[in-house]
There are 2 protein chains.
Amino acid sequence: MRLAELSKQSGVSTATIKYYLREGLLAPGERISATQAEYDESHLRRLRLVRALIQVGRLPVATAREVLAHVDDESLGRTIRLGAALWSLPHGPEPDEDAPETESARHEVDRLLDRLGWAFVQELGSLDPTYRSLVASMATLIRLGYACDIEYLTEQARLMEQVAVRDLDMMESYPAGAEQVEMAVASVVLHEPLLLSLRRLAQEEESNRRYGL
Amino acid sequence: MRLAELSKQSGVSTATIKYYLREGLLAPGERISATQAEYDESHLRRLRLVRALIQVGRLPVATAREVLAHVDDESLGRTIRLGAALWSLPHGPEPDEDAPETESARHEVDRLLDRLGWAFVQELGSLDPTYRSLVASMATLIRLGYACDIEYLTEQARLMEQVAVRDLDMMESYPAGAEQVEMAVASVVLHEPLLLSLRRLAQEEESNRRYGL
DNA sequence: TCATGTTGGAGAGTGCGGCTATCCAATGAT
DNA sequence: ATCATTGGATAGCCGCACTCTCCAACATGA
């Protein structure tokens, strides 16, 4: 199919597709002649993933490119490739080293990881962007006076651990291949809004149960 | 304290504070004279909350104003006020009614709610923005061919239900008052990045456990 | 064959959101 | 008396995600 057809199938305007091509989010089509290129199903699938990452996952275009580059990197094994892709996913703001709360937040997080027994993450420490963004979130809560106690955090973390176990089970149930890494990325990024929606719905339901309308 | 002092205490530039005042995110200070106003602790606390909502919670300024207006609305009872505030929080993109996947996504979500026994949410249906954004997320996953089975969804939802129960427990443990509604908003919005960070850390930990480095 | 429309490519332009800079008259500090 | 500071208003800036315009090379129907 040519550009116009790709646009029709995906519901993305040709101008935007050209933009994605320029930005390297989408591989160029196979050149048929000096001024024409042919696209196939793989382009359509990739285009839909790009849209999902950007619109649902709210990734900046530059970040999406980075993530997709890791997904496509055939030189790496499945696990590493997945790790690399997830590593480059966006994280909240970085901790503000100048703020006095950051130190106590870091301490709190370390204490939490210790309780949880998450030795691998603990070892990575500040190298892990996820760890840093967790510290930043904690610091903000402390600064606002909404610091949550460690019991609550531990319980929530245990629940998220169970969520993660099911995530990985699901990934394993898919056949290996390029699509599996895509699947994994989709699972991490696209399930986030889904999980948050479920949390809010559960809050509404529970709130109604406790306090009525 | 005056504007410059408020700026120093909060780490927010005076220009930005003026901007928030203009946008109605922050109540004007008490007028001391024709050209001066006095701010107090409550302004500082509110300013920090505003920053948190915008920077950590990534709320657009207009949405933050709406949420804060509900928080401040003294004419409503605690539960309603909280509900109204949460209702105006941002949600993912709206479902695309033209797309054929939306219908099956809605069906899937309804089946899920039925299994979960979330009657209150089920009754609200499409009126609830959270419900609509859940449908939109599901539709995207279906369209990408990453539809997840209902067993997996049910399990994840049950876990989020436990998260929500602990959220409400925590809110109850705070003393009632204006701060409690702020607390609730903060809990919903600011704990979201925290929970997602915990999920990713748990995924890293579990992934290392299963596949090694 | 030739008129008409389509294609891929490239650069400039657009709209929006969140600030930021400039200016001003009134004021407060010394 | 002087001079920086204040609150307030307006206009400008920046980054980002597109979107528009133009162009020469092609494809295609009459």
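Convention: sequence-line order gives letters A, B, ...; per-chain numbering from 1.
- Within residues 56-66 of chain B, no residue has a heavy atom under 4.0 Å from DNA chain D.
- Straight-line distance from the CE atom of B/M1 to the P atom of D/dT6: 14 Å, rounded to whole Å.
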For B/R45 and B/E182, what are the C-alpha separation, side-chain angles and deciding distance, and is it a salt bridge (Lys or Arg N to Asp or Glu O under 4.0 Å)? CA-CA 10 Å; B/R45 209 160 51 87; B/E182 280 188 11; 2.8 Å; yes
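- Counting heavy atoms from C-beta outward, B/Y19 and B/L26 have side chains that stay 4.5 Å or more apart.
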Could you walk me through whether A/R2 and A/E5 pass salt bridge (Lys or Arg N to Asp or Glu O under 4.0 Å), step by step? CA-CA 5 Å; A/R2 294 203 288 293; A/E5 179 66 15; over 6 Å; no
Step by step, work out the side chain to side chain donor-acceptor pair (under 3.5 Å) result for B/Q203 and A/D167. CA-CA 8 Å; B/Q203 284 176 341; A/D167 287 335; 3.0 Å; yes
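- Between the CG atom of A/L26 and the P atom of D/dC18 there is a distance of 13 Å, rounded to whole Å.
- Atom P of nucleotide C/dA10 and atom CG of A/L3 are separated by 13 Å, given to the nearest angstrom.
- Nucleotide D/dC18 holds its P atom 11 Å from the CG atom of A/L47, rounded to whole Å.
- Spacing between atom CD of A/E23 and atom P of C/dA10 amounts to 12 Å, rounded to whole angstrom units.
- Ion pairing between B/D72 and B/R46 holds under the 4.0 Å rule for side-chain N and carboxylate O.
- Here D/dA4 presents its C1' atom at 12 Å from CD of B/Q36, a figure rounded to the nearest Å.
- Within a 6.0 Å sphere centred on CD of B/E23, heavy atoms belonging to other residues, nucleotides or ligands number more than 12.
- When the nucleotides D/dA11, D/dC20, D/dG7 are ranked by their closest atom to the side chain of B/R22, D/dA11 comes out on top.
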How far apart are the C-alpha atoms of A/R166 and A/E161, what are their side-chain angles, what is the distance that settles it, and do they pass the salt bridge (Lys or Arg N to Asp or Glu O under 4.0 Å) test? CA-CA 9 Å; A/R166 278 160 183 75; A/E161 197 172 35; over 6 Å; no
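- Phosphate proximity of D/dG8 to B/R31: present, with a side-chain N or O under 4.0 Å from OP1 or OP2.
- Taking atom CD1 of A/I32 as the reference point, atom C1' of D/dC26 lies 12 Å away to the nearest angstrom.
- Residues of residues 5-21 of chain A that place a heavy atom closer than 4.0 Å to DNA chain C, in numerical order, are A/K18.
- A salt bridge between B/R199 and B/E204 is absent, with no side-chain N of the basic residue lying under 4.0 Å from a carboxylate O of the acidic one.
- A donor-acceptor pair shorter than 3.5 Å can be found between the side chains of B/S13 and B/T16.
- Distance CD (A/E30) to P (C/dT7): 18 Å, rounded to an integer number of Å.
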